[in-house]
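A note on names: the letters A, B, ... follow the listed sequences, proteins ahead of strands, and every chain is numbered from 1.
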Amino acid sequence: MKLFWKLFITMMCVIISFFMISCNILVHTAFQTMLDREADRGIEEIKIFQYALLASLEGLPKDYQATDKAVAEITKSFQQSLNNAQSTIVIYNSQNKIIYCNSNLESDLISKANGNTSGIWQIAKHGKHYYMESLCRANSSKERYTLEMHRKIDHIYQDRDLLYERYHLTLILVSIGITVILLLFSIHFTRPVRKLSQVTRSFAQGNYKSRMRERGHDEVALLSQDFNQMAGQIEENIAELKENARRKEEFTEAFSHELKTPLTSIIGYADMLRSRNMPAEEIISSADYIFHQGKRLERLAMKMMEIIYIDRQSIQFQKIDIQLLIDKIKAMTEPLLKKKSIQLECQAESGLLHGDLDLLLSLFSNLIDNARKACSEHGNILLSGHPSGKGYFFSIKDDGRGMPEEEIHKITEPFYMIDKSRARKEGGAGIGMTLCQKIISLHQAEWTIESQPEKGTEVKIIFQEYHQERKASDHESNA
Amino acid sequence: MNKILIVEDEEPIANLIKMSLKSAGYLCQVCYDGQDAADQMLAENYDLCLLDIMLPEIDGYELLDYAKDIHLPVIFLTAKGETADKVRGLRAGAEDYITKPFEVLELLARVENVLRRFDKLAQTIDILDLHIDIASRTVTKKGIPLKLTYKEFDLLLLFVRNPNVALYRESIYEHVWESNYLGDSRTVDLHVQRLRKKAGLEQNIKSIYKVGYRFTTDTSQEERNQSHEPPAASHRTI
């Protein structure tokens, strides 16, 4: 059952039953009060009659034998004086014999009266009519009489029935009213819940943008807030997953392109060589193409291995002396730099880095190699390092070709090359910067690249895991 | 001679295509980027364009639209080998789609097909005393029709289109039977022998030990095949 109906039916039942119970009590109380009042009145009346009768009997001469007839006469006159046609009077003598009766109704009240001198009463129904029967004893000096009065009290019952009738009518009206109000009420209160379920369903169907409106401070609003928070998180995660998948797909596509391109040349030239008669110079150039494209494949494979190595291997971090690192970088890059007569200048303050020596060497040699490719003959590369507030700061600056600003963020994408044909000639595989990015993030370092076309590029790296010099002697032994 | 425009940013591949097309008797022009290619398309009247998709400046799809405007047939030649890419390329209006890495034989066959479709190549080939009608798949020798099977006809066409080229059994098999060569050379040998007999090409289709066969029009001077002359392409006339 829906919450809406639960809420509606429960409230409906509760309100209607409360209404019914209270109305019943009210009507019943009113009826009882009227009945009590009528009884009081009946007793009062019979008391007056008793008093009047006794007074009349006392007023008679002493020798006058008060006959039953006389009593009947007195009663008759009394009744006339009462002027109450509704009342009927019955008088019994001491033997409980009726000596006066102006009613054809029989009552058994006398049998319940035994010994009770004060008035008693009861309600009796004769035919369609209700009667209030009251009874009391009247002891004159000579005779003991029992007085009984019957009064019609139909009006009380009529009043009660009228009340009930009104009450039923009211009940119907109130029910209708309450139904309408409760319906509106339930609709209003379950609306956020329905909205939430609607939004959740749409969210489940993949519409990750759907959100609840956060209004008010009730539980539903809190739930909406929580839902929105959850939805936001999920959306973020899904976007991240999608981005990851997209990046992977792009990488695979680029990688297969990078793989197929040299393969095309290798297969094509080899096919030409094996099946055609070609001039000697064509044979040499074809073989040269095969050789170089093969080399290119090898480079790609090596770089890929390095990336896979970083991804798979758990890397042992050690303390690395910066001077030692710089020396190794120099030794590694020198042969290639010499070919282009490029000057590499190193100014690094001593210190200890926390990292993997091979990876750091790979990072710096890649960056210096990039700088080399950007430089023309007799260019300059400056590698500087010093401790800064956040950690140890490195800068690799060249005075080479530089690149436009819009290209900078793309260069870490795998296989992205700003100038493809140039990069190929220089021997680029297109994933050097991707590798650098991985090494940097592995060392929890940060980098920024600044470049201006025709002026040069500067790569800034900050290593947070940095230690001051241990001991002077230590440094010496390392150096 | 048919003029073909090659648009390819990888220099070794561009050169490879150029070499193989040249040896088959085509005139070639190479462009290394999209901008250059667009200029070339207008400057000269080409019969066919071999187009890479990933190009600097202007990409292959844009160039294709451009080529369609001047009614230049285009064959895509790209490393993008996904079915979706092929469908996209062909839908965009390319005549054919070749994925890298490709074999020279395949490239030449596809180029010829497209050229023939555009009536830029003769529907018939006259070579030696054979007259080959490609459209009706009939061959006559000195006016007498030859009864060749479907595969024998394809085989003959392959030989005739690649004169002086050593055709490997696996290449022949993959080209004519259009399935992967599984090392069983009997099928190829059998068909070649029957073709030699039927068409009287015993002297022209030469066996190469452990390799396959080579078709040559010149039976007298075997030594000349070793010379550095590009193969003759006398049959390629409009």
Side-chain angles (χ1 to χ4, degrees), chain A residues 249-297 300 407 410 413-430, chain B residues 8-24 32-33 52-57 77-82 84-85 98-108 162-168 170-172 208 211-216 223-231:
Chain A
E249 202 173 296
E250 268 182 17
F251 180 84
T252 319
E253 202 172 291
F255 181 64
S256 92
H257 184 262
E258 285 307 298
L259 209 59
K260 279 174 180 172
T261 307
L263 274 177
T264 306
S265 297
I266 291 171
I267 292 172
Y269 284 111
D271 192 28
M272 298 270 279
L273 281 175
R274 71 171 190 169
S275 55
R276 271 156 222 260
N277 297 315
M278 296 199 295
E281 61 265 34
E282 272 192 14
I283 292 174
I284 291 168
S285 76
S286 296
D288 189 53
Y289 278 129
I290 292 174
F291 178 79
H292 280 110
Q293 296 298 309
K295 277 279 180 198
R296 182 174 152 193
L297 267 183
L300 180 67
E407 304 278 357
K410 291 192 210 160
E413 283 173 27
F415 306 112
Y416 184 80
M417 294 173 202
I418 297 170
D419 187 343
K420 231 178 175 181
S421 53
R422 249 198 93 95
R424 293 252 185 279
K425 263 176 226 149
E426 300 274 8
Chain B
E8 169 63 63
D9 61 332
E10 289 280 338
E11 193 253 331
I13 297 175
N15 190 50
L16 171 72
I17 300 169
K18 189 176 161 187
M19 268 169 73
S20 34
L21 288 179
K22 253 189 178 171
S23 74
Y32 295 105
D33 69 64
D52 190 6
I53 291 177
M54 287 200 263
L55 285 170
E57 312 289 338
L77 189 62
T78 169
K80 287 182 157 194
E82 303 275 319
D85 294 321
I98 306 174
T99 52
K100 294 177 192 169
F102 54 85
E103 274 189 61
V104 175
L105 276 183
E106 186 191 359
L107 174 72
L108 292 177
N162 297 284
N164 298 328
V165 172
L167 294 171
Y168 283 64
E170 58 192 70
S171 304
I172 296 172
I208 309 169
V211 170
Y213 301 93
R214 178 169 54 216
F215 176 76
T216 170
E223 294 313 305
R224 269 203 61 192
N225 285 327
Q226 302 301 320
S227 76
H228 297 149
E229 288 289 315

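Remark: side-chain polar atoms of A:Y269 are paired, donor with acceptor, to backbone N or O of B:P12 under 3.5 angstrom. Proximity of a side-chain donor or acceptor of B:K100 to a complementary backbone N or O of A:T264 within less than 3.5 Å is not detected.
Under the 4.5 Å side-chain criterion, counting only non-hydrogen atoms from C-beta, B:L16 is not in contact with A:S265. Contact of the B:S23 side chain with the A:R276 side chain is registered, since non-hydrogen atoms from C-beta on lie closer than 4.5 Å.
To the nearest 0.5 angstrom, B:I53 atom CD1 is 9.5 Å from A:H257 atom NE2. To the nearest 0.5 Å, the span separating OG1 on A:T261 from CD1 on B:I13 amounts to 5.0 Å. For the atom pair A:E253 CD and B:M54 CE, the distance stands at 6.0 Å (nearest 0.5 Å).
Neither the backbone nor the side chain of B:Y32 comes within contact range of chain A, judged by heavy atoms closer than 4.5 Å. If you measure heavy-atom distances from B:N15 to chain A, the contacts under 4.5 Å come from both the backbone and the side chain. Residue contact with chain A, scored on non-hydrogen atoms closer than 4.5 Å, involves the side chain of B:S171 exclusively. Contacts of A:Y289 with chain B are made by side-chain atoms alone, with heavy-atom separations under 4.5 Å and no backbone atom involved.
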**Q.** Derivation of the salt bridge (charged side-chain N to carboxylate O under 4.0 Å, His left out) call for A:R296 and B:E10
**A.** CA-CA 13 Å; A:R296 182 174 152 193; B:E10 289 280 338; 3.0 Å; yes

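Between chain A and the options B:S20, B:A166, B:G212, the largest number of non-hydrogen pairs under 4.5 Å is found for B:A166. Comparing B:E82, B:E103, B:M19, B:K80 by heavy-atom pairs within less than 4.5 Å of chain A, the highest count is held by B:M19.
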